[in-house]
Structures are given as C-alpha cells and as structure tokens.
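Contents: one structure, followed by commentary.
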Amino acid sequence: MLTLIVYPAAFGAPTASPFCVKAMCLMKASGLAWQPEVSSDPRFTPKRKLPVLSDGDKLIPDSDQIRDHLEAHYGIDFDEGLTAQQRAVSRAVIRMVEENLYFILVCNRWLNDENWEVTRRALFGQIPKPLFKFVTSKIRKQAIANVNGQGMGRHSVQERADRAAKDLAAIETLLDGKPFLFGDTPTAADMSVVPMLQAQASSPTTTPISVLVTENATLSDYVARGVSAMYP
Ligand SMILES: N[C@@H](CCC(=O)N[C@@H](CS)C(=O)NCC(=O)O)C(=O)O
C-alpha cells in the first residue's frame, strides 16, 4: 500500500500545505490504493519537507517527483488528452503558482502578525505549552529568513497583492468559462492551482491577497468545483 506523508489538516483543507493537498489529489486521481499518514515533523524526510510518498522501500519527496514517480511506475498520465501546447502551458502555470503564489501565501500566513497568531496555533497547537512560544518563534524566524532570501518577503503587502492579482488574472483568462483549466476534467495543473487558491482564500484574517480569490466569483466557483472533484 502506498503511504503519503502529509501535514495535519488546517485552514479548511485536508492538510495545511498546498503541496500536500496537491499530492493527495494526485493520489486520488491515480486510482491506486493509498493511505495518508499525518506528521508535523518533516526533519527526518529526505528533503526535510512534506509531502513524501512511501512506496515499498522507496521514499519519494516533493510533489513534482511524486507525480513523476506515479507516471513512470504506474503508467498514469495526469494530463491525458492534452496537446503538447497545453502540456507546456500546464507546466508554466504549475511553476507560476508553486514558485510565486506559494511564497505570497507563506508571507500571508507567517509575516502578518494577526495571521501568525492563528497559523502558529493551527500548525503547532500540539507543542506543549511551556515550549510553544519558544519553538514556534524559532520556526517563524526561519520562515521569514526563507521568504526574505527568496525575495517575496521584501515586498510590501500591496506589492505582493499586485503580483498575486496578475497571476490570478492569468488563471481566470485560461479558465475562459471552462470548468477546469483545460476542459471538463481536472488535470495536473488544476491539482496545483486549486489547493494554492483555496489556501489563499482561507487566510486566517481577510487580507488584500485573500479577497482576490474570495471576491472573484470565477475563481471561487473554480475552487469549489475543484475541491469537490479532486480532494480525497
Ligand atoms: N517543492 C516541494 C515543496 C514542498 C514544501 O515547500 N513543503 C513545505 C510546506 S508547504 C515544508 O514542508 N516546509 C518545511 C520547511 O521548509 O522546513 C513540493 O512540491 O513538494
């Protein structure tokens, strides 16, 4: 049995991490027998991140590598029916949400002081009280260093919202009235995009970023449709 190691549920999603949700959607779409295993501690995984897929004696880290593994070893094509052109667009969209929108999400959850109070309780509520503040402050410090190193943390909230708005407009244009990005059926890009938008929309407090999804009927409907069709 395949086992997918993911973070616990939070923010109205089956797991706090959009990459873990994506991997869960891939597992569901694969039709293979699998089970989730919940962990809050990625320190002992191959890349010290989650998700990780356990398949026999192999540990496969990273949602992209999990997709590659499922496609290579189980003959699955998550982009079945797509043209070479659509597959290229799919790849670009996945990179846009995972390498840009994701860091905007991290800033929204971890930099914003009000959101952070909710985030730390949602993600680390199981840490014993005497250690809670110390441990969570240390983790936050690292998260802030990461987004500053990546660059997104150096932008103002408004600058981040302006960037997010352009990515979201591109997604809306691509949807163009279709239920999913490339037609009536979800493909790999939807499995990256929907969890990322759902995470932006379920911001602990209303922010300039969260309203870009919650107040946009096309995107909100798309997220609701994707959650119902793709989430386990
Ligand atoms: N490229 C990876 C990203 C995974 C990722 O960034 N996971 C985050 C949670 S959203 C994580 O485990 N972070 C732990 C850390 O950085 O210490 C993927 O697609 O799986």
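Just the heavy atoms: all of them, side chains too, but no hydrogens, waters or symmetry mates, feed the values below. Counting convention: from 1, in listed order, for ligands and their atoms alike.
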Test: [X] and [Y] ion pair at under 4.0 Å:
X	Y	answer
Asp190	Arg225	no
Arg154	Glu159	no
Lys178	Asp176	no
Arg67	Asp79	yes

**Asked** Counting N and O atoms only, with roles assigned by atom type, does the side chain of Arg109 sit under 3.5 Å from a partner on the main chain of Trp116, one being a donor and the other an acceptor?
**Response** no
**Prompt:** What are the two closest heavy atoms between Tyr7 and Ser17, and how far apart are they?
**Reply:** CD1-CB, 3.7 Å
**Request:** Please list, by chain and number, the protein residues whose heavy atoms come under 4.0 Å of ligand 1.
**Result:** Tyr7, Ser17, Phe19, Arg48, Lys49, Leu50, Pro51, Asp62, Ser63, Tyr102
